[in-house]
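Only one structure is covered here, and it is reproduced in the block below.
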2 protein chains.
Amino acid sequence: MPKDTFFNLPDDKRERIIEAAIDEFAQRSFHDARVTAITNQAEIAKGSFYQYFEDKKDLFKHIIEIAVGKKIEYVNQDMMQNMQDYGFFQLLRELYLSGVRFAKEHPRLVAIGMQLLSNQELYYEVFGTHAEKSYAFYEDLLRKGMADGELDPAIDIVLASRLLTMFNYALVDFVYEDGKVDLDDMAIIDKMLYIVENGIKRR
Amino acid sequence: MPKDTFFNLPDDKRERIIEAAIDEFAQRSFHDARVTAITNQAEIAKGSFYQYFEDKKDLFKHIIEIAVGKKIEYVNQDMMQNMQDYGFFQLLRELYLSGVRFAKEHPRLVAIGMQLLSNQELYYEVFGTHAEKSYAFYEDLLRKGMADGELDPAIDIVLASRLLTMFNYALVDFVYEDGKVDLDDMAIIDKMLYIVENGIKRR
DNA sequence: ATACAATGTGACTATAGATTCATATGAATG
DNA sequence: CATTCATATGAATCTATAGTCACATTGTAT
């Protein structure tokens, strides 16, 4: 956690530091990211940085917390409160939608997340509990859908939860690296959900 | 490309270097990987390394070429030769199967590939053409399946090709990080294909 | 106004790691 | 044997960066 001095800072300076950090971590892996680049861009002295943070990792963890917070803002809060009122595929659609909106509006945070995904050690240190929560959430969703008779009883819930997570990544990836797939977001989400629902086999 | 001196080396020394490099690159990202660790493990002098390779990237590219070559060995060659004789889902099953067998037997190469996936710049420099080939291959497969009437005509081929690639990653990931999902490989592949074919909706 | 605390500063230190280079070794050639 | 060529070596160089520290400035309470 950043030191108190950091939270005592005038808002604009604190924000400059956060902005600079997001820029740097979005472009480079944790190890490659340079404290110097951050202090330069934020126009603070190197020494000041260490008044605010224990070290580079301390700042990084803080950025991840910010990203997680922002991400949560994007999921439909009404939906989360009144899950019973939504069907499984409606819920899934809302979730994917929020993921896409988030990626569109915070591409740098998505980039940081992607990076983190590939650094196992850091990932578990920084993100472990969040990740588990996310899997558990999908599993609960699937179990509920199954109980309500919306889902094929033959599917394996654990496996399906991983696949739904993967689909979410795939979706974010399409939107994030724009131009790769050339459809508007809604159309992508709908086509994707169609495949999740029905598979690709002719019937 | 490594220098001639490298290819002139006695087999056992050359292999020691490759082994050490695979070990190091499997554990650390390209940037984090240390030439020193490789020369130490291979028991060659630091200077010798630069007799064999232009630089660290030169070796890395070579390792990727080796991995790609090994990966290709694992796909059923009979299948590749006689595609017409296989149905779409049979072909897909064979492909996934080869992916899983490869991951089981060469976990370090898989780890290197995973790492690479997350370094856009390096990825395109080292792997770009391979990746495009892989997408194109799935697209062709889907087009053929569509033409043969095995697939739902409503699905978007480009999107589906990305999803099939994602499924492949998911599969490798399950097998690779063993214990995460607790089913034997065949069962995972079959359950996964079931979802690809039919979706998860109750019918 | 004075003193004490909190914050700011950037030159300095420490470390790690890639790459180079002068020199050594040894095998092949004439 | 002397010379040349290919290869081996590790100390030295170079570069990049994280993190520290002694001192400077600012803010605040009495």
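All values below come from the heavy atoms of this structure, side chains included, with hydrogens, waters and symmetry mates left out. In what follows, chains are A, B, ... by sequence order, proteins preceding strands, each numbered from 1. Only a predicted model underlies this, so the values are computations on that prediction, with no experimental measurement involved.
Between the CZ atom of Phe60(B) and the C1' atom of dA18(C) there is a distance of 17 Å, given to the nearest Å. If you take CZ of Arg34(B) and P of dA16(C), they are 10 Å apart, rounded to a whole angstrom. Rounded to whole Å, atom P of dA16(D) lies 15 Å from atom NE2 of His31(A). The interatomic distance linking Gln41(B) (CD) with dG17(C) (C1') rounds to 18 Å, in whole Å. Following rounding to the nearest Å, Lys3(A) (NZ) and dG8(C) (C1') show an atom-to-atom distance of 13 Å. Glu43(B) has its CD atom 15 Å from the C1' atom of dA8(D), to the nearest Å. Whole-Å rounding puts the Ile38(A) CD1 to dG19(D) C1' distance at 14 Å. Going from atom CG of Asp32(B) over to atom P of dA18(D) covers 13 Å, rounded to whole Å.
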Nucleotides 19-23 of chain C: which of its N/O atoms have a protein N/O under 3.5 Å away?
| unit_1 | atom_1 | unit_2 | atom_2 | d |
| --- | --- | --- | --- | --- |
| dT19(C) | OP2 | Tyr50(B) | OH | 2.8 |
| dT19(C) | OP2 | Lys56(B) | N | 3.4 |
| dT19(C) | O4 | Lys46(B) | NZ | 3.1 |

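Nucleic acid contact class of Thr5(B) (heavy atoms, under 4.0 Å, all strands): sugar-phosphate only. Across all strands shown, Lys13(A) has heavy atoms under 4.0 Å from sugar-phosphate atoms exclusively, and none from any base. Among the protein residues, Phe53(A) comes within range of no part of the nucleic acid, since none of its heavy atoms lies under 4.0 Å from any strand. Using a 4.0 Å heavy-atom cutoff across all strands shown, Ala37(A) reaches no nucleic acid atom at all.
Residues Ile200(B) and Glu150(A) form no side-chain contact, since every pair of their non-hydrogen atoms from C-beta on lies 4.5 Å or further apart. Considering only heavy atoms from C-beta on, His62(B) stays 4.5 Å or farther from Asp58(B) through its side chain.
A close approach under 4.0 Å does not occur between any side-chain nitrogen or oxygen of Asn8(A) and OP1 or OP2 of dA6(C).
Counted by atom type alone, Tyr52(A) and Asp4(A) present zero donor-acceptor pairs between their side chains at under 3.5 Å.
Within a 6.0 Å sphere centred on CD of Gln77(A), other residues, nucleotides and ligands contribute more than 12 heavy atoms.
Look at Glu125(A) and Lys57(A) and you find a salt bridge, because one of the NZ, NE, NH1 or NH2 atoms lies within 4.0 Å of a carboxylate O, short of that distance.
Using bins of under 30°, 30° to 60° and over 60° for the plane-to-plane angle, the ring pair Phe25(B)/Phe60(B) lands in the perpendicular bin. Between His106(A) and Tyr74(A), the ring planes lie perpendicular to each other; the angle is over 60°, past the 30° to 60° tilted range.
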